[in-house]
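Sequential numbering from 1 along the given sequence is applied to the chain's residues. Whatever order the structure lists ligands and atoms in, that order sets their numbers, starting from 1.
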Amino acid sequence: MRIAVYPGSFDPITYGHLDVASRAAAIFDKVVFAVLVNTHKAAPIFATEERVQVIHEAISEVCPADIAARIDVESFDGLTVDFCRRLGATFVVRGLRAISDFESELQMAHTNRKLAPEVDTVFFMTALEHSYLSSSLVKEIAAFGGDVSQMVPPSVSRHLVARGRGL
Ligand code: PNS
């Protein structure tokens with residue numbers, strides 16, 4: 001069983017993340033969205049449990065059933081590699097949108113490999129149509145009441161509306 005962990009803040013999940021997870025699920029037996037509990041990023045829009053819930057809903061409404069069946073969602077605290085070991089995962093999945101992502105992703109991949117040589121990082125080039133997207137931009141647009149419906153799955157829009165942010 002080849003298990004891949006897809007770690008991130010996912011605050012909120014975007015179509016770019018969903019695309020990466022779906023493509024990873026076509027390669028690995030199981031892909032687990034690993035939602036970081038204590039993101040150091042300023043002012044999370046959704047609490048951890050809500051981010052997990054939003055991703056679950058997004059998978060079931062956006063991904064084809066055979067792909068959705070291979071994607072799980074969990075939250076984690078601590079090191080990504082420790083979470084991988086707990087799950088028996090031997091791959092970490094990350095998306096690369098642009099050269100600007102590369103430097104920090106390279107550093108993380110090397111660090112994780114130093115900590116856990118049995119865990120390898122696999123990168124997916126974010127789909128061109130999603131390569132401009134970022135969760136922080138989505139957050140900013142939603143905070144000012146802008147329309148993010150082309151950037152995020154319907155579950156995110158619903159949860160934003162429920163808390164009076166975004167369209
Ligand atoms: O969505 P993000 O914020 O870019 O994801 C960053 C994340 C969660 C992948 C990274 O911060 C992480 O792995 N945090 C867990 C702590 C850890 O393992 N740190 C060492 C990684 S080099």
Q.
I need the single residue from E57, Q53, R51 that forms a side chain to side chain donor-acceptor pair (under 3.5 Å) with H159. Which is it?
A. E57

Q.
So is S135 touching ligand 1 or not, going by heavy atoms under 4.0 Å?
A. no

(Q) Please determine whether any non-hydrogen atom of R94 lies less than 4.0 Å from an atom of ligand 1. (A) yes

Q | Selection residues 48-94 - residue pairs positive for ring-ring contact (aromatic ring centres under 6.0 Å, His included), sequence neighbours left out | A | F28-F91, F76-F83

Q) Would the number of heavy atoms belonging to other residues, nucleotides or ligands and lying under 6.0 Å from CD of E140 be above 12? A) no

Q: Give the atoms of ligand 1, by number and element, whose distance to some non-hydrogen atom of G78 is under 4.0 Å.
A: 15 (C), 16 (C)

Q. Numbering the atoms of ligand 1 from 1, which are under 4.0 Å from a heavy atom of N112?
A. 21 (C), 22 (S)

Q.
Can you check which of P7, S9, S104, S136 brings a heavy atom nearest to atom 2 (P) of ligand 1?
A. S9

Q.
Side chains of M108 and T121, heavy atoms from C-beta outward: is any pair under 4.5 Å?
A. no

Q.
Taking salt bridge (charged side-chain N to carboxylate O under 4.0 Å, His left out) as the cut-off, I'd like each qualifying pair that reaches into residues 95-105, sequence neighbours left out, listed once.
A. R94-E105, R97-D101

Q | Polar proximity ligand 1 side, T111 side, N/O cut 3.5 Å exclusive | A | no

